[in-house]
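Structure record follows, encoded as structure tokens.
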Amino acid sequence: MCGIVGYIQTNKSLNSWKLVFEGLEYLEYRGYDSAGIAQIVNNRVEVTKAVGKLANLKRKIAKTPFSLSNAAIGHTRWATHGKPSIVNAHPHISSNGQVALVHNGIIENASRIHKTVLGGKKLQGGTDTEIVTEALAHILIKEKDLSKAMFKLVNILEGSWAFVAMDINDSSKIVCARHNSPLVIGLGENYNFVASDVIAFVNHTKNAVEIKQDQLAVITCEKVSVFDKHNQEINFTSQKYEILWDINQAQKGGYSSFMEKEIREQPSAVRNTIYGRRTNEGIIELDKLSFDKSYFAQINKITVIACGTAAHSGYVARFAIEHWCRIPVEVEYAHEFRYRDPIVDSKTLVVAISQSGETMDTLMAVRYAKEQGAKTLAIVNTLGSALDRQCDAVLYTYAGREIAVASTKAFLAQITACYLLGLYLAEIRGNLFIDEITTKLQELKTLPDKIAKILTHYEEICQFAKLQKRQKSVLFLGRHIGYPIALEGALKLKEIAYIHSEGFAAGELKHGPIAIIEPGQLVFVIVPPQNDRAGVHAKVISNIEEIASRGARVVAIAEQGDQTLPKGITKTFFRPKTPILFSAILDIIPLQIFACSLAGALNLDIDMPRNLAKSVTVE
Ligand code: AGP
């Protein structure tokens with residue numbers, strides 16, 4: 001999704017564009033299809049844009065170098081309105097050459113603004129951002145001052161925006177405005193940054209301040225002024241942001257893809273998310289908590305909101321949290337949550353799960369929940385992200401930077417963090433004694449080694465996947481805690497191998513889906529532990545017999561030593577023995593490896609699959 005970087009400094013004889021370019025490189029993980037940089041030199045705007053990767057932009061800048069300047073703004077665009085093209089790439093320059101602007105978000109009343117403010121004037125590309133740029137330049141003619149013009153503009157807009165703009169006649173300042181789409185200001189000595197994400201400038205300054213909802217900011221090289229929605233200047237306090245991952249982690253480390261590297265990093269992702277949680281008194285701590293923990297004893301419902309893989313981790317977590325805490329846990333897709341008039345109040349704990357912490361659907365759902373009086377808790381992998389800043393409490397996943405669009409290690413870390421949250425709540429609410437919690441934590445701590453044991457079969461799973469290149473459809477069946485894993489296995493294959501895949505609750509098969517089983521159909525089945533008290537093992541075995549008798553090629557994910565598997569199964573991948581509530585963390589790994597290996601065998605771009613972005617920062 002779109003990334004924004006702005007930079008301003010005292011010295012006019014420096015390459016400001018280079019600092020912006022470097023920041024855009026750190027934002028590449030958001031996914032994009034065009035990029036550009038603009039700067040103002042002697043009341044003249046210089047702009048270079050390119051379609052495709054930043055390397056294309058760098059080549060164009062080398063051909064037409066920027067002059068030395070004290071300020072520049074840049075953007076990576078993921079097309080929402082209008083195709084990826086130079087015309088539609090940002091920064092947009094107004095037709096009167098007065099204003100340069102970059103934008104992250106969607107302006108929902110852009111066509112009305114085009115008619116009412118611009119009188120329907122002819123546009124080049126017709127994107128919402130082009131309309132907004134022209135409208136800002138139009139208002140600036142009368143207002144004379146860019147920040148006043150920006151204030152007037154944002155008060156007639158609907159939708160979501162993070163704007164960063166410059167006035168060709170005044171390169172001493174950068175003007176910003178935020179509504180929903182995040183913006184953070186990096187505070188330096190005689191220089192300042194503004195960006196969509198702290199990671200764009202954290203190498204230069206860790207001292208930052210978030211532009212909050214409906215605030216505006218005027219940034220010069222010496223001063224940052226922040227204004228509220230009434231355009232009244234307000235005081236602000238900055239805070240130190242740390243990026244935990246080591247930047248050179250973003251190398252493939254000799255693996256075929258970031259996704260393979262990240263699958264193999266899962267033991268440490270789980271281990272790092274667990275360790276250091278328990279204080280000396282044996283109490284699990286959250287990373288941030290802005291209210292008294294006794295509040296958790298009063299809640300009567302937990303609502304988990306997330307998207308995609310993050311939502312699947314919530315579905316897994318529900319089993320553990322309900323079992324340990326005896327409190328109802330509902331899991332909702334964030335993009336559905338706020339439109340269904342949900343029952344949310346001060347006794348609801350809303351848990352938002354997100355790897356990037358920038359998913360707009362999730363951010364908007366959290367905003368809605370807070371408006372309804374709920375306390376919000378983020379389970380997030382990206383420190384300093386919008387979700388991190390937005391929620392009342394935070395439990396970080398320490399999976400390290402996840403580059404591949406297909407989430408793997410963050411998924412396991414999310415489930416782990418949810419288990420920790422469940423134990424934390426069970427302790428506060430008195431559902432479990434300290435010794436019971438200690439026992440469960442000890443079981444959790446055995447998982448990294450069990451994950452590592454499954455990874456020793458990586459090559460075997462990879463070879464099996466390579467034989468499935470002609471598969472046009474793959475089904476995944478699971479029951480109980482295996483059902484969300486079936487959903488996640490299907491999503492992995494869909495998103496990186498572009499093969500139609502579907503996850504089913506195994507018990508649902510006979511209510512319809514079994515009709516699509518025909519000879520040769522590849523079906524993965526997640527088999528629960530034999531000694532589970534949920535009593536689902538025997539039912540899953542009969543599900544296998546139902547589909548095998550209709551010619552399906554069954555691949556079982558089962559527990560080491562399970563002798564009850566029916567004959568005639570095509571392939572079985574075993575997992576080390578573990579309690580049913582923790583088995584989900586192990587069962588997903590062969591499915592991740594299968595998807596990654598099959599996509600590789602099909603010569604697809606595993607890390608940046610078509611149509612997808614690592615962080616979906618628009619609704
Ligand atoms: C997962 O492989 C996908 N990339 C996608 O479903 C992702 O999980 C979803 O967009 C949520 O992203 P987040 O965790 O950053 O909020």
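Remember, it's 1-based here, ligands and their atoms both numbered in the order they're listed. Worth saying up front: this structure is predicted, and the values here are computed from it rather than measured.
Taking Glu260 as the reference, Ser256, Arg264 meet the side-chain hydrogen bond (donor to acceptor under 3.5 Å, both in side chains) condition, with sequence neighbours excluded.
Listed for the Tyr498 side chain is a donor-acceptor partner under 3.5 Å among the backbone atoms of Arg610.
With hydrogens and angles left out, the side-chain atoms of Asn88 and Thr127 include no donor and acceptor closer than 3.5 Å.
In this structure, the protein non-hydrogen atom closest to atom 15 (O) of ligand 1 is Ser356 OG, 2.7 Å. Considering only non-hydrogen protein atoms, atom 3 (C) of ligand 1 sits nearest to Glu495 OE1, 3.4 Å. The protein atom (non-hydrogen) at minimum distance from atom 10 (O) of ligand 1 is Val616 CG2, 4.1 Å. Scanning the protein for heavy atoms near atom 14 (O) of ligand 1, the closest one is Gln355 N, 2.7 Å. Counting protein heavy atoms only, atom 4 (N) of ligand 1 is closest to Val405 O, 2.7 Å. Protein heavy atom in closest approach to atom 8 (O) of ligand 1: Thr309 N, 3.1 Å. Atom 12 (O) of ligand 1 has as its closest protein heavy atom Thr359 OG1, 3.5 Å. Regarding atom 9 (C) of ligand 1, its nearest protein heavy-atom neighbour is Cys307 O, 3.7 Å.
Per-residue contacts place Ala406 under 4.0 angstrom from the following atoms of ligand 1 (heavy atoms of the residue considered): 2 (O). Below 4.0 Å from some heavy atom of Ser407 lie the following atoms of ligand 1, by number and element: 1 (C), 2 (O). Listed by atom number, the atoms of ligand 1 under 4.0 Å from Ala310 heavy atoms are 8 (O), 14 (O).
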Result block: side-chain N/O donor-acceptor pairs under 3.5 angstrom for residues 485-492, not counting sequence neighbours:
from, atom 1, to, atom 2, distance (Å)
Glu488, OE1, Thr309, OG1, 3.0
Glu488, OE1, His312, ND1, 2.7
Glu488, OE2, Thr309, OG1, 3.0
Glu488, OE2, Lys492, NZ, 2.6
Lys492, NZ, Thr309, OG1, 3.0
Lys492, NZ, Ser407, O, 3.2
Lys492, NZ, Glu495, OE2, 3.0

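In terms of heavy-atom proximity, His480 sits nearest to Ile580 at ND1-CD1, 3.5 Å. Here the shortest heavy-atom pairing between Ile274 and Leu441 reads CG2-CD2, 4.5 Å. Counting all heavy atoms, side chain and backbone alike, Val51 lies closest to Asp33 at CG1-O, 3.7 Å. Heavy-atom minimum distance, Leu581 versus Ile481: O-CD1, 3.4 Å.
Ser615 does not count as a contact of ligand 1, since none of its heavy atoms falls under 4.0 Å from the ligand.
Screening Leu586, Thr273, Ile451 against Leu412 for a side-chain contact (heavy atoms from CB on, under 4.5 Å) leaves a single residue, Ile451.
Residue Lys492 places at least one N or O, backbone or side chain, under 3.5 Å from an N or O of ligand 1.
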